[in-house]
There are 2 protein chains.
Amino acid sequence: MPAALEELIEALRVLPGVGPKSAQRMAYHLLQRDRNGAGRLGKALDAALAHIRHCSRCNTFTEAEICERCASPARDPHLLCVVEMPADLAMMEQTHAYRGMYYVLMGRVSPLDGIGPRELKLDRLLARATDGSVQEVILATNFTNEGEATAHYVGEMLRARGLKVSRIARGLPVGGELEHTDIGTITQALVERRVV
Amino acid sequence: MPAALEELIEALRVLPGVGPKSAQRMAYHLLQRDRNGAGRLGKALDAALAHIRHCSRCNTFTEAEICERCASPARDPHLLCVVEMPADLAMMEQTHAYRGMYYVLMGRVSPLDGIGPRELKLDRLLARATDGSVQEVILATNFTNEGEATAHYVGEMLRARGLKVSRIARGLPVGGELEHTDIGTITQALVERRVV
């Protein structure tokens, strides 16, 4: 097998969920049937690496120093909603039931994967939550074991600084994830959040 | 969502079997957890597009004008084995039961996908098979409907030129594909090939 093909197949395996057989099928497909697509993907990777960084306020992906949402004067600066991933933030926004700010953890506490408070850089969340503008932190991590553990840890950390901390209501099914829940249920969970 | 991220997610969908949700998960994974991997993949795509082409004799992927196998004096020039994909060629080689040459179709006749003899560029196979060196063409396309149709069409085409054409034996299960068959069965099918 030519070296450049072998390297492409190996490189495709950096994608989550892609094993040796799928990587081979993908490489063949790109080289045989969609060379334009391959070129586009290569350029998109370069551009994303060059331009995408983390918002210095909410930690989500952005091309600016501060993302549009954090810079918007229309958002309520007293509320800070903590979510695991940008996809979760997008679901919260779709409820149209929340007009506050966000903090995106970009993960969750997961001891089995070696992801603890240090890896999540929770000190950055702490700094954001205690910058003087925030009056309530709403924990909207998933209701999985890892999401619950994350909420527990973050809640303890923020309450110790005298912050009001709430958790979105357990309107979501146990074990459920925001990304796969209907908007109505997420809305209900947001409205029924309770102080913890 | 930042434009470069949106484009990366769209671009990842050029990969076969990747829908909107997986593309999003892949993009987050690359940007958050494996930026080195993303850079490597981008480079691998560029390098593959720049260096990988088709062998002018057997049509497989190669970085040279003629691939190593076609250039090797150790191979029997009188036998030409026709396979669908490079992965099938690799399986044939693993049997150690074949020392002839190959022609890789890079596909199969598939009317539903709009792939006919013209799209497969079967005139190139015809030219290769009638270049004077080949005494027997062994059809080793899959025993799927499409592989069988391909074998039938190619067989007709080559017999019309007076070539001896054989088909690997139906030792493979009906509906089976070379890529997922054990080496012993493929060996048997090769040994028991019959003139058609």
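Note that this is a predicted model, so its numbers are computed, not measured. What you see below is based on every heavy atom in this structure, not just the backbone, and it leaves out hydrogens, waters and symmetry mates. Per chain, numbering begins at 1; letters A, B, ... match sequence-line order.
There is no contact between B:Lys43 and chain A, counting heavy-atom distances below 4.5 Å. Heavy atoms of A:Arg69 lying under 4.5 Å from chain B are absent altogether. Of the atoms belonging to A:Leu30, it is side-chain heavy atoms, and not backbone ones, that fall under 4.5 Å from chain B. When heavy atoms are compared at a cutoff of 4.5 Å, A:Ala27 does not approach chain B at all. Residue A:Met85 touches chain B through its side chain alone, counting heavy-atom pairs closer than 4.5 Å. A:Glu68 does not touch chain B: none of its heavy atoms, backbone or side chain, sits under 4.5 Å away.
Among all heavy-atom pairs drawn from A:Ala4 and B:Glu63, the shortest one is N-OE2, 2.7 Å. In this structure, A:Met106 and B:Arg33 approach most closely via the heavy-atom pair O-NH2, 3.2 Å. Across every non-hydrogen atom of B:Arg35 and A:Leu49, the tightest pair is NH2-O, 2.9 Å.
Per-residue heavy-atom pair counts under 4.5 Å with chain A were compared for B:Gly37, B:Gly17, B:Ala47, and the maximum is reached by B:Gly37. When each of A:Gly42, A:Ala38, A:Ala50 is scored by its heavy-atom pairs under 4.5 Å with chain B, the top score falls to A:Ala38. Of the listed residues A:Asn36, A:Ile9, A:Leu45, the one with more heavy-atom pairs under 4.5 angstrom with chain B than any other is A:Leu45. Across B:Gln32, B:His29, B:His51, B:His54, the residue that shares the most heavy-atom pairs under 4.5 angstrom with chain A is B:Gln32.
Ion pairing of B:Glu7 with A:Arg40 is present here, as a side-chain N (NZ or NE/NH1/NH2) and a carboxylate O approach within less than 4.0 Å.
Distance check: A:Met26 CE to B:Leu12 CG gives 9.0 Å after rounding to the nearest 0.5 Å. The distance from the CD1 atom of B:Ile52 to the CG atom of A:Leu5 is 5.0 Å, given to the nearest 0.5 Å. Taken to the nearest 0.5 Å, the CG atom of B:Leu15 stands 9.0 Å off from the CG atom of A:Asp34.
With B:Gln24 contributing its side chain and A:Ala87 its backbone, the two residues share no donor-acceptor pair below 3.5 Å. No donor-acceptor distance shorter than 3.5 angstrom exists from the side chain of A:Arg25 to the backbone of B:Pro16, with no hydrogens or angles considered.
Put simply, the side chain of A:Phe61 does not reach to within 4.5 Å of the side chain of B:Met1, judged on heavy atoms. In this structure the side chain of B:Arg53 never reaches within 4.5 angstrom of the side chain of A:Leu31, judged on heavy atoms.
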Should A:Leu8 and B:Leu41 be marked as a side-chain contact (heavy atoms from CB on, under 4.5 Å) after you check the CA-CA gap, both sets of side-chain angles, and the distance that decides it?
CA-CA 7 Å; A:Leu8 176 57; B:Leu41 177 55; 4.2 Å; yes
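A 6.0 Å sphere centred on CG of A:Asp76 holds more than 12 heavy atoms belonging to other residues, nucleotides or ligands.
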